[in-house]
Amino acid sequence: MRAELSKAYDPSEVEARLYAWWEHRQLFDADTTNEGEPFAVMLPLPNVTGSLHLGHALDHSIQDAVIRRARMMGYNALWQPGTDHAGIATQNVVERELAKEGLSRHDLGREAFVERVWQWREASGETILRQMRRLGASCDWRRSVFTLDDHYVEAVRLTFCTLYEQGLIYRGYRLINWCPRDMSAISDIEVDHTEERGELVFIRYPAADGGDGVVVATTRAETMLGDTAVAVHPDDERYRHLVGSTVVLPLLDREIPVIADDHVDPAFGTGAVKVTPAHDPNDYEIGRRHDLETIDVMTDEARININGGPYAGLDRFEARERVKADLDQRGLLVRVEERTHSVGHCSRCHTVVEPRLSDQWFVAVRPLAERAAQAVRDGRTNFVPARNAKGFLDWLDNLHDWCISRQLWWGHRIPAWYTEDGEILVLREDPTPEEVEARGLRQDPDVLDTWFSSALWPFTTLGWPEQTPDLQTWYPTSVLVTGYDINTFWVSRMMMAGLHLLDEVPFHTVLNHGLVRDRNGKKMSKSFGNVIDPLDLIDEYGADALRYALLRAAAPGNDVPLAEEWVKGARHFANKLWNAGRFVLSQLPVDSDLSVDVDGLELQPEDRWILSRLEAARAAADEAYACYDMARAAQTLYHFMWDEFCDWYLELVKQRDDTAMTSVLVTVLDVGLRLLHPIMPFVTEELWRTLHGGGEVTLVRAQWPQAAPQRRDTAAEAQLEALIQAVTALRRFRADHGLQPAARVDVLAVPLDGRRDVLEAGVDAISRLTGVGSWRFIDRADDVDAHPVGKVVTASAELFVPLAGLVDLDEERGRLERELAKAAAEVKRAEAKLSNEGFVAKAPTDVVQAEREKVADWRDAIEKLQAQLDELA
RNA sequence: GGGCGAUUAGCUCAGGGGGAGAGCGCUUCCUUGACACGGAAGAGGCCAGAGGUUCAAAUCCUCUAUCGCCCACCA
């Protein structure tokens with residue numbers, strides 16, 4: 001027995017029940033012993049601090065569609081979930097919690113603070129994974145991994161040690177990006193640059209011998225405190241006489257040399273530049289080339305330090321103003337120009353970043369980046385869309401060494417110890433207390449960049465460094481789905497780590513999607529107030545509706561605009577499917593046999609038509625899925641199910657009651673639900689299970705529809721198009737004449753060649769769909785015996801409708817005249833084309849022939865319309 | 001400064017060398033037995049601009065404009 005379905009689809013009840021059932025049945029669990037080719041998708045590990053936002057909802061909807069289809073296709077499909085400890089982000093969250101209690105992490109001390117973060121994670125850390133279930137995500141939850149799990153920590157440590165031993169990780173005193181609020185180094189890509197208004201300050205540095213010296217220009221006047229040279233271009237005639245001489249650094253009265261360096265642009269500012277090797281990347285390079293002294297003038301908090309003399313203790317921006325004022329007072333501030341320039345901000349907290357010399361750990365990325373780039377160039381890893389590979393390669397080709405140490409407490413501790421005499425020991429195993437005691441060892445206090453550990457995600461989740469069956473089965477993984485904004489942060493690092501450590505790419509395909517934006521294409525952000533919570537949308541419209549609304553716009557690489565009413569529209573589609581399902585179920589005899597082979601039955605033209613259209617939709621949707629074009633798959637299936645199946649086929653067969661019809665209904669619904677399941681898992685599963693009698697059956701592991709080319713039937717498609725045109729034309733006739741719904745029209749039909757059969761077969765349906773009172777076939781237009789008469793010309797027939805008592809004859813004349821004008825315009829257009837000698841000579845013959853036929857057809861139509869008009873006159 | 005993308009119906013977007021498409025919105029009509037979360041019929045676009053290639057350009061090429069995004073050591 002099949003269950004009764006409610007009149008309207010109720011997502012909340014269905015979703016909660018089905019998800020619990022799926023999980024209970026362990027339908028998402030992947031096992032190496034399962035049959036099928038391995039297929040793996042790694043969830044882009046969400047931050048443990050995160051809660052589900054629309055960006056996740058898009059990302060997860062795409063992945064779920066990919067993995068569900070793979071599962072149905074018989075792959076041994078694994079979707080690996082987990083969370084990232086997310087160093088700075090999580091530490092900040094817990095520090096804010098502490099601040100409410102009036103405490104800082106320093107009040108607790110390192111050990112207690114880290115313990116506190118763990119407690120926080122236990123309590124509220126993985127909400128996002130729970131929220132993913134609301135969306136229908138079919139991850140193998142048993143396998144969930146956290147990047148600070150013991151095993152993961154060991155893998156990270158092994159990686160660090162290996163790279164160190166290979167000379168690919170080193171400790172260096174270098175210029176890095178320093179965030180004075182987070183009090184940590186950050187890597188280049190964690191710095192966001194914004195254009196800001198600022199000042200270009202011109203300062204005179206007098207010559208040591210009492211001469212005028214030079215004027216330099218700077219946007220950061222306070223950095224002059226750390227200047228150790230002035231540089232000019234070697235070919236600059238204006239300054240050639242000064243090269244090698246000495247000028248006096250104002251305010252601190254330090255003598256510094258004037259040097260010549262190619263880097264200086266003579267056209268910028270005065271053509272002379274102050275050189276601060278400790279606080280500017282360019283100056284740092286100049287300093288290295290000329291062996292200049294480096295003077296760090298700032299503290300960790302970005303205040304001026306002791307090297308800044310009288311300015312020590314001032315915040316850098318206060319110092320900037322004071323320096324300018326003091327220079328002005330001494331007559332050394334030549335002028336100040338307004339200027340917009342690019343300022344780097346910490347991507348995490350937006351504090352202005354300070355370039356600063358510091359002892360940090362670095363990865364020598366060159367050899368790693370080359371392998372990653374080569375893998376993309378070889379096609380071992382492909383980007384979808386392909387254009388995204390270019391930016392990725394450009395970035396890899398110009399990569400600087402990666403600063404991986406962070407001055408934080410939450411994260412993977414760097415396994416390095418320092419002896420009292422400064423020797424560095426990088427150890428695979430912690431030293432014993434005795435060793436620590438004996439050599440006075442002190443562990444490096446820093447932790448690793450979060451991305452260093454997430455670089456290992458595709459294989460450490462599978463058991464690496466052990467050669468586990470999981471690793472052997474699913475590595476390399478299949479598709480990595482992520483926003484293009486993460487390609488540099490994460491994708492590149494996984495590529496480098498995977499190729500270096502396992503000698504294989506971590507994934508064959510990188511599927512990029514865009515950002516979710518609001519209806520106006522604006523980025524969603526709290527400050528704009530246009531953020532929508534996906535859970536609210538799910539509550540209101542259902543998970544399937546949200547998924548459909550996101551995926552129908554998710555062409556690879558493109559941003560996805562979303563507005564609430566679009567989700568609402570998607571809910572209508574879910575409801576449409578639901579009711580189509582209800583209708584099909586209502587037509588089935590109780591306990592009917594669903595295994596009837598529809599292709600072996602005696603089928604009506606509309607049956608062959610819808611099966612042909614089904615096969616066309618299947619092929620198109622499947623191809624779209626295969627290219628990861630979820631938007632095209634979604635829209636193809638929407639149109640098939642709604643416009644063709646519901647609007648035409650269901651309407652056409654309502655009066656029928658035969659096995660062919662019920663079998664076709666079941667077949668189309670069954671296949672349609674399978675095809676839509678990756679996009680709308682809940683409503684499809686509920687209907688499909690009901691259709692198949694419930695119990696243990698599930699669409700989650702049902703077979704993906706196979707190609708059925710024998711169902712393509714162009715003759716049936718042409719026939720049904722003719723019928724549809726007849727219906728549409730009669731409906732339009734009624735609308736044009738403002739006929740009441742109850743008014744019946746009588747039809748005299750002259751079928752065109754080869755169309756009589758389909759019209760005869762469809763008379764009942766046409767009549768029902770267009771309010772026909774009586775229908776009679778006649779052989780020739782001359783046989784029409786009722787006058788005046790209106791005529792409807794279609795591709796399958798000329799239909800005559802006696803007008804007496806039905807319509808206003810003046811209006812009918814007007815209508816005919818409009819149609820005549822339209823037909824004349826068509827003839828004119830086609831004839832113009834045909835009168836072009838080039839067209840006739842060079843265009844393909846079938847194109848020319850088609851154009852000639854159009855002219856003939858429209859001429860014919862004009863003739864007949866004119867006859868009509870004459871009759872009414 | 002370099003790169004990439006976009007510019008098509010009121011809005012958001014597909015399409016792509018031979019008669020302009022979808023969803024939503026809008027207009028009119030319809031509570032017809034799956035669905036008013038529905039049905040039917042419509043209105044609405046010189047496909048950003050200028051050149052070029054072609055028998056034929058919304059579509060290919062070049063340039064321009066505007067917008068967006070990435071990258072860059074723009075003192």
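No hydrogens, no waters, no symmetry mates; every other heavy atom, side chains included, goes into these values. Quantities reported herein were computed from a predicted structural model and do not represent experimental measurements. Below, read A as the first sequence line, B as the second, and so on, with proteins coming before strands; counting in each chain starts at 1.
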Under a 4.0 Å heavy-atom cut-off, which of [range] touch RNA chain B?
range: residues 189-200 of chain A; value: A/E195
range: residues 263-279 of chain A; value: A/H263, A/V264, A/D265, A/F268, A/A272, A/V273
range: residues 335-342 of chain A; value: A/R339, A/S342

Tell me, which pairs form a side-chain hydrogen bond (donor to acceptor under 3.5 Å, both in side chains) where one or both residues lie in residues 540-549 of chain A, sequence neighbours left out?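 As it turns out, the side-chain hydrogen bond (donor to acceptor under 3.5 Å, both in side chains) pairs with a partner in residues 540-549 of chain A, which skip direct neighbours, are A/D64-A/R547, A/Y541-A/E564.
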For B/A34, does either OP1 or OP2 sit under 4.0 Å from a side-chain N or O belonging to A/K654?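 Yes, A/K654 has a side-chain N/O under 4.0 Å of OP1/OP2 on B/A34.
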I want to check one thing: is the phosphate of B/A14, taken as OP1 and OP2, less than 4.0 Å away from some side-chain N or O of A/N558?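 Result: yes.
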Roughly how many Å apart are B/U53 and B/A65, using the C1' atom of each and rounding to a whole number?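 Going atom to atom, C1' in each nucleotide, I get 23 Å.
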In whole Å, measure the gap between the C1' atoms of B/U12 and B/C30 for me.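 Between the two C1' atoms, the distance is 30 Å.
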Ring pair (Phe, Tyr, Trp, His ring centres under 6.0 Å) against A/W688, all qualifying residues, sequence neighbours excluded: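 With sequence neighbours excluded, A/W688 shows a ring pair (Phe, Tyr, Trp, His ring centres under 6.0 Å) to A/H692, given in chain and number order.
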Taking only N/O atoms, report every protein-nucleotides 45-48 of chain B pair under 3.5 Å with atom names and distance.
none

What's A/H400 touching, base or sugar-phosphate or nothing? Going by heavy atoms closer than 4.0 Å.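 Sugar-phosphate, backbone atoms only, no base.
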Would you classify A/L650 as touching base, sugar-phosphate or nothing, given that sugar-phosphate means primed atoms plus P, OP1 and OP2, and contacts are heavy atoms under 4.0 Å?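 It contacts base atoms.
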Using the side-chain heavy atoms of A/R387, tell me which of these nucleotides is nearest: B/C24, B/C35, B/G5.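 Of B/C24, B/C35, B/G5, B/G5 is nearest to the side chain of A/R387.
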Nearest to the side chain of A/H639, which nucleotide is it out of B/G18, B/A75, B/A22?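 Of the candidates, B/A22 comes closest.
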What stems involve RNA chain B, if each pair must be Watson-Crick or G-U and both of its distances must be under 3.5 Å, with 3 or more such pairs in a row?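 When the pairs of RNA chain B are grouped into runs of at least three, the stems are B:1-7 with B:65-71, B:10-13 with B:21-24, B:26-30 with B:38-42, B:48-52 with B:60-64.
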Apply salt bridge (Lys or Arg N to Asp or Glu O under 4.0 Å) to A/R613 and list each qualifying residue two or more places apart in sequence or on a separate chain.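 With neighbours one apart ignored, the set is A/E644, A/E717.
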From CG of A/L769 over to C1' of B/G33, roughly how many Å is that when rounded to an integer?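 Rounded to whole Å, this separation is 14 Å.
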Nearest-Å distance for atom pair CG/C1', residues A/D559 and B/C67: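 One finds 13 Å between C1' of B/C67 and CG of A/D559, rounded.
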Partner set under side-chain contact (heavy atoms from CB on, under 4.5 Å) for A/R744, not counting sequence neighbours: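 Here no residue qualifies.
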A/V516: side-chain contact (heavy atoms from CB on, under 4.5 Å) partners, not counting sequence neighbours: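 In terms of side-chain contact (heavy atoms from CB on, under 4.5 Å), with neighbours along the sequence ignored, A/V516 is linked to A/L54, A/L58, A/M524, A/L550, A/L562.
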For residues 383-393 of chain A, dump all side-chain donor-acceptor pairs below 3.5 Å to protein atoms at least two apart in sequence or in another chain.
unit_1, atom_1, unit_2, atom_2, d
A/N388, ND2, A/N512, OD1, 2.7

Atom pair CG/OG1 of A/L577 and A/T684 - distance to nearest 0.5 Å: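 The CG atom of A/L577 sits 8.5 Å away from the OG1 atom of A/T684.
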Heavy-atom contacts, protein to nucleotides 37-44 of chain B, under 4.0 Å, summarised as B (base), S (sugar-phosphate only) or - (none) per nt, yield BSSSSS--
